[in-house]
Amino acid sequence: MLTINFSPFPNLETERLLLRRVDTNDIKEIFALRSNPETMKYIPRPLVKTDEDALEHIAMIDTKIETNEGINWAITLKDNPKLIGVIGHYRIKPEHYRAEIGYMLLPEYHGKGIVSEAVNEAVNYGFKIMKLHSIEAILDPENHGSAKVLEKNGFVKEAHLKENEFFEGRFLDTVIYSILNK
């Protein structure tokens, strides 16, 4: 079984990005991401409504890192420490050497290849450092932009599950993409 350890916290760097730890200074940006119906459109989770909700979300991220249950990075541009998105590995299953990747980006940064660059780096970290065998992404079937990002990064569609999640009074389909460590 895998042993996961996120201490010390691993900052990651790409050509344009610095992926760093989310902290309480990111409250406005976390609020902007998680309270925006557009950014949350494909994420079946309640919208953040207050600064306290945003702080609770940041605290949850910290707890997952400290207990080695999950890791999230703030996506930032190298020349600006402001959080513009979040990416991480969730639902880590050490016994199966598998984790789920998830990400979101403020709308004004869409279409610039930022998420694809961050996904590539997070996948590299998952395979090389965490020693995962496979990484999955679970999407809303209507989230075509995210599907393109995943396909560009070598993920393949594994499944389309019909009405397998219940959120806000309705059943939702999900699509699973994955990539294997080669």
Heavy-atom distance under 4.5 Å between the side chains of [X] and [Y], does that happen here?
| X | Y | answer |
| --- | --- | --- |
| Arg91 | Glu136 | no |
| Ile75 | Trp73 | no |
| Glu151 | Tyr177 | yes |
| Glu121 | Leu17 | no |
| His160 | Lys162 | yes |

* Asked: Are the charged groups of Glu142 and Lys41 less than 4.0 angstrom apart, N to O?
  ->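 No salt bridge links Glu142 with Lys41.
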* To do: Check step by step if side chain to side chain contact (heavy atoms under 4.5 Å, CB included) holds for Val119 and Ile87.
  => CA-CA 8 Å; Val119 165; Ile87 188 165; 3.9 Å; yes
* **side chain to side chain contact (heavy atoms under 4.5 Å, CB included) evaluation trace for Glu29 with Val86** => CA-CA 10 Å; Glu29 292 78 15; Val86 178; over 6 Å; no
* To do: Please check if atom CD in Glu108 has more than 12 non-hydrogen atoms from other residues, nucleotides or ligands closer than 6.0 Å.
  =>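 Counting neighbours around CD of Glu108, more than 12 heavy atoms of other residues, nucleotides or ligands fall under 6.0 Å, so yes.
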List the atom of [X], the atom of [Y], and the distance in Å for their closest heavy-atom pair.
| X | Y | result |
| --- | --- | --- |
| Asn72 | Ile65 | O-CD1, 4.0 Å |
| Gly85 | Leu33 | CA-CD1, 4.0 Å |
| Tyr103 | Ser146 | OH-OG, 2.6 Å |
| Pro44 | Leu172 | CB-CD1, 3.8 Å |
| Lys152 | Ser116 | CD-OG, 3.4 Å |
| Ile84 | Leu105 | O-CD1, 3.3 Å |

* Are a donor atom and an acceptor atom from the side chains of Thr14 and Glu117 found within less than 3.5 Å of each other? ->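 The answer is yes; a qualifying pair exists.
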* Asked: When hydrophobic residues are tied together by side-chain contacts of less than 4.5 Å, even through go-betweens, does Ile138 share a cluster with Ile71?
  ->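 No, it is not one cluster - the side chains of Ile138 and Ile71 are not joined through contacts under 4.5 Å.
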* Out of curiosity, does Ile92 fall in the hydrophobic cluster containing Val123 (side-chain heavy atoms, cut-off under 4.5 Å, transitive links)? ->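 Val123 and Ile92: one cluster.
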* Option from Glu158, Lys93, Arg98 for which side-chain hydrogen bond (donor to acceptor under 3.5 Å, both in side chains) with Ser134 holds ->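 Passing option: Arg98.
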* **Aromatic ring pairing His89/Tyr125, orientation class (parallel under 30°, perpendicular over 60°, tilted between)** =>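 The rings of His89 and Tyr125 lie parallel, inter-plane angle below 30°.
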* Asked: Applying the side chain to side chain contact (heavy atoms under 4.5 Å, CB included) test to Asn153, which of Ile179, Asn120, Ile135, Ile101 qualifies?
  ->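 Only one option passes, and that is Asn120.
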